[in-house]
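Everything below concerns the one structure shown next.
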Amino acid sequence: MEQFLYPSLTAFFAAFVTWFFSMRKSLAEDRAAELDNAVSAVKYYRDLLDDITARLTAATETIKKMEVQHKELMLINQQLVDELQKFKQLNGKQQS
């Protein structure tokens, strides 16, 4: 019985110690993989935000230019309407 019990206990103890240390190693590797994934996600979203910031800046500048152009066109339109009213008055028509 001792011939079977001692080697079995030794094997069981060795397997338990191996399992314990391999479990700790697996947990450490899993945490490292999670950190790598988190770093990759942060880098991806940072790049995405930088791209959105650049696009937003460009869009804001375009809107400002278009507002200036809109004001200029409204001024030209008003001048043309005034000239049309003067032309109508010169031709003897009533101002509407």
Approximate separation, where rounding is to 0.5 Å, of [X] [atom1] and [Y] [atom2]:
X     : Y     : atom1 : atom2 : result
Gln69 : Met66 : CD    : CE    : 7.0 Å
Ile52 : Tyr45 : CD1   : OH    : 10.5 Å
Lys25 : Asp30 : NZ    : CG    : 11.5 Å
Arg31 : Ser26 : CZ    : OG    : 11.5 Å

According to a 4.5 Å side-chain heavy-atom criterion applied to Ile, Leu, Val, Met, Phe, Trp and Tyr, with indirect links allowed, do [X] and [Y] form part of one hydrophobic cluster?
X     : Y     : answer
Val17 : Phe20 : yes
Leu56 : Leu49 : no
Trp19 : Phe21 : yes
Leu90 : Val81 : no

Salt-bridge criterion met for Asp50 and Arg46 (N-O under 4.0 Å) |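 No, no charged N to carboxylate O under 4.0 Å.
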May I ask you to decide whether Arg55 forms a salt bridge with Asp51, counting only side-chain N to carboxylate O separations under 4.0 Å?
->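 Looking at Arg55 and Asp51, the cut-off is met.
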Less than 4.5 Å apart, any side-chain heavy atom of Leu84 and any of Leu80?
->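 Not touching, per the 4.5 Å side-chain cut-off.
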For Lys64, side chain to side chain donor-acceptor pair (under 3.5 Å) partners two or more places apart =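 With neighbours one apart ignored, the set is empty.
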